[in-house]
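Below is one structure, written out as structure tokens, with a few remarks after it.
Here is the naming used below: chain letters follow the sequence lines, and residue numbers restart at 1 for every chain.
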There are 2 protein chains.
Amino acid sequence: MTEHCSHSDHASCTLPSSEQVANFLDQAEVLCDRRNLRFTKLRKQVLALVCKAEQPVGAYHLLDELRESGRSAAPPTVYRALDFLLEQGLVHRLATNNTYLACAHPQHPHAAVFLVCSVCGHTQEVHTEGIIAELRRRAEQFDFAIKHASVELTGWCGRCRRSQ
Amino acid sequence: MTEHCSHSDHASCTLPSSEQVANFLDQAEVLCDRRNLRFTKLRKQVLALVCKAEQPVGAYHLLDELRESGRSAAPPTVYRALDFLLEQGLVHRLATNNTYLACAHPQHPHAAVFLVCSVCGHTQEVHTEGIIAELRRRAEQFDFAIKHASVELTGWCGRCRRSQ
DNA sequence: TTTTGTTATGTTATAATATAACGTTATTTT
DNA sequence: AAAATAACGTTATATTATAACATAACAAAA
């Protein structure tokens, strides 16, 4: 698992080129091995589907894809796999639209900020530790210890704004 | 509608004392009048229910309460009222747990940060314009214009932390 | 290397959350 | 008063997620 993001803009690293997907899956396998967890065929397949999607996907979309692949699958099939991947920090869940996307930086646990375009659906994971640290400080002032930060910013991406 | 919060800690102003609820409903009515919108009996009743709840409530809980009050109600009844109240900034929706709570400061549109205790459910609206402004700046760096910020911090409140 | 325990998955059913569609009532405007 | 608009009633259904229990796969111990 690489430690640093090679992108200049600090946006999502999980672009769906097949090479990147394959690399990401390999890294996920290493990560699970190190944690003595089973990166089963199902989990790998679900992660691959999430990973190669251009945009965050819904659970039932993944379910359809699993079925199309020939596998017998029901809702618990996909939710259980997603739960595992969420716990391991390999995917994120967007609460505002009930979708899942591959984590850009599974190597170290992190809270992330998501920019969700309400027009085209394009979603970008931005990792700004500064923001999260500031939120943590503010929460502490209220005697509150953050376990999970859901920061989802919905609006218009530049592309959609310019094309009206 | 008062312009400034009287609390020292900048937490939620909507505590469920009946006096405060009545005051809040009056303010909501004034706000709707000024906007030439109808603060109907249903909308008032739903806002009252949200407002007097000690914690954020689910839509179907509100539905039950409407029915208990003798009114004929179905899911659209409550969702339509909630949609209106959301649009007017009188209530917020928490995406992480599908609940609704009265807005602490409906007088001016604002994005808020929520501290949600995963143990006792206690939820606090914190209004830190600094955080939201900073998020907006960060988003701008990505050519992104925020329409809505969902910032929900889940964790342990001091009370639950101290009692383990 | 069977036995045993644990983890993961299959399967059916159902819970929980939310909206579509269309008819009726109430309110506002003309 | 008539027409237009907005709100609400009602039925049905879509969407998202979990409960519960059986079977299979894997790991650890004997």
Matching residue for Leu47(A) among Tyr100(A), Phe84(A), Phe24(A) - test: side chain to side chain contact (heavy atoms under 4.5 Å, CB included): Phe24(A)
Option passing side chain to side chain contact (heavy atoms under 4.5 Å, CB included) with Arg138(A) (candidates Ile131(B), Leu115(B), Leu153(B)):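 Among the candidates, only Ile131(B) passes.
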With a 3.5 Å distance limit and no angle check, can you tell me whether [X] reaches the backbone of [Y] through a side-chain donor-acceptor pair?
X: Glu125(B); Y: Ala104(B); result: yes
X: Gln55(A); Y: Cys120(A); result: yes
X: Thr123(A); Y: Gly121(A); result: yes

Qualifying salt bridge (Lys or Arg N to Asp or Glu O under 4.0 Å) pairs with a residue from residues 151-164 of chain B, counting only residues at least two apart or across chains: Asp143(A)-Arg161(B), Asp143(A)-Arg162(B)
Sugar-phosphate, base or nothing in reach of Tyr100(B), heavy atoms under 4.0 Å: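 Result for Tyr100(B) = sugar-phosphate.
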Salt-bridge criterion met for Arg137(B) and Glu140(B) (N-O under 4.0 Å):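 No, this pair does not count.
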[atom1] of [X] versus [atom2] of [N]: gap in Å, rounded?
X: Asn36(B); N: dT5(D); atom1: CG; atom2: P; result: 17 Å
X: Leu37(A); N: dC26(D); atom1: CG; atom2: P; result: 16 Å
X: Asn97(A); N: dT16(D); atom1: CG; atom2: C1'; result: 12 Å

Chain A footprint on DNA chain C, 5' to 3' - any atom under 4.0 Å from a heavy atom: dT7(C) to dT12(C)
For Asn97(A), all residues meeting side chain to side chain contact (heavy atoms under 4.5 Å, CB included), sequence neighbours excluded: Leu94(A), Thr99(A), Val116(A)
Contacts of type side chain to side chain contact (heavy atoms under 4.5 Å, CB included), residue Arg35(B), not counting sequence neighbours: Leu31(B), Leu37(B), Gln88(B)
Proximity to DNA chain D (any heavy atom under 4.0 Å), residues of residues 56-64 of chain B only: none
Stretch residues 72-81 of chain A: residues that reach within less than 4.0 Å of DNA chain D through a heavy atom: Pro75(A), Pro76(A), Tyr79(A), Arg80(A)
Close side-chain approach of Ile132(A) and Arg136(A), heavy atoms under 4.5 Å: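 With C-beta onward as the side chain, the pair touches.
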